[in-house]
Amino acid sequence: MNITVGDHSARHLRRILRWYLVNWSMTAVADAAELALTELTANVVRHVPGRHCHVLILARPSGVRVELTDDCATLPQAPARTDELAESGRGLLIVAAVTDRWGVLPHAWGGKTVWFECDVRRGRA
């Protein structure tokens with residue numbers, strides 16, 4: 001789905017993601033996937049001019065894959081260290097902590113896709 005995200009978009013995207021995960025019998029990864037999607041959506045709101053992105057939610061044999069593609073060439077980087085009391089800057093650290101895999105695919109046209117995967121077999125507590 002192509003959308004322009006705003007301050008409340010993460011809440012709506014979480015609902016959509018949970019609906020898919022329930023229908024695909026993947027509720028074991030719902031909390032982790034929703035948190036990771038929230039962080040990636042927040043990054044689009046904060047860092048992508050125009051706040052436009054394409055969201056793709058894919059069922060895979062191992063679990064779920066979620067991709068956010070935008071037209072901003074700047075690649076996200078997890079900070080080496082963060083201030084524990086800082087209000088921002090830990091999003092990708094959270095994504096890495098709650099997902100099984102994540103990454104960034106730069107595109108020749110200047111945009112990028114940031115993705116993550118959560119495996120159902122491992123599940124999350």
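Everything quoted here is computed from the prediction, not taken from an experiment. Residue indices begin at 1 and follow the sequence shown.
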(Q) Tell me if a side-chain donor or acceptor on H52 pairs with a main-chain N or O of D70 at a distance below 3.5 Å. (A) no

Q: Find out whether R121 and V29 are in side-chain contact, i.e. whether some heavy atom of one side chain is under 4.5 Å from a heavy atom of the other.
A: no

**Q.** Shortest non-hydrogen contact between T99 and C118, atoms and distance
**A.** CG2-SG, 3.9 Å

Q | Within-4.5 Å side-chain heavy-atom neighbours: V120 and S62 | A | no

(Q) Taking V44 as the starting point, is it possible to reach L105 by hopping between hydrophobic residues whose side chains are less than 4.5 Å apart? (A) no

Q: Check whether any side-chain heavy atom of V45 sits under 4.5 Å from a side-chain heavy atom of S9, and report yes or no.
A: no

Q) Which of these, H54, E67, H107, sits in a side-chain hydrogen bond (donor to acceptor under 3.5 Å, both in side chains) with T113? A) H107

Q.
Using a 3.5 Å distance criterion without hydrogens, assess whether the side chain of D71 forms a donor-acceptor pair with backbone atoms of G111.
A. no

Q) Side chains of T38 and R14: donor-acceptor distance under 3.5 Å anywhere? A) yes

(Q) Can you list everything that forms a ring-ring contact (aromatic ring centres under 6.0 Å, His included) with W19? Sequence neighbours excluded, please. (A) none

Q) For the hydrophobic clusters of this structure (ILVMFWY residues joined by side-chain heavy atoms under 4.5 Å, transitively), does one cluster hold both W115 and W24? A) no

Q) Can you find a heavy atom in the side chain of I3 that is under 4.5 Å from one in the side chain of H12? A) no

Q.
Pairing donors with acceptors under 3.5 angstrom, does anything connect the side chains of T74 and H47?
A. no

Q) Can you get from V22 to I16 by hopping between Ile, Leu, Val, Met, Phe, Trp and Tyr side chains that sit under 4.5 Å apart? A) no

Q. Any donor-acceptor pair under 3.5 Å linking the side chain of K112 with the backbone of C72?
A. yes

Q) Looking only at heavy atoms, what is the nearest atom pair of A96 and W102, with distance? A) CB-NE1, 3.4 Å

(Q) Please tell me whether V114 and M1 are part of a single hydrophobic cluster in this structure, the criterion being side-chain heavy atoms less than 4.5 Å apart. (A) yes

Q. Quick one: hydrophobic cluster around L58, which other residues, with the 4.5 Å side-chain cut-off, linked directly or via members?
A. L56

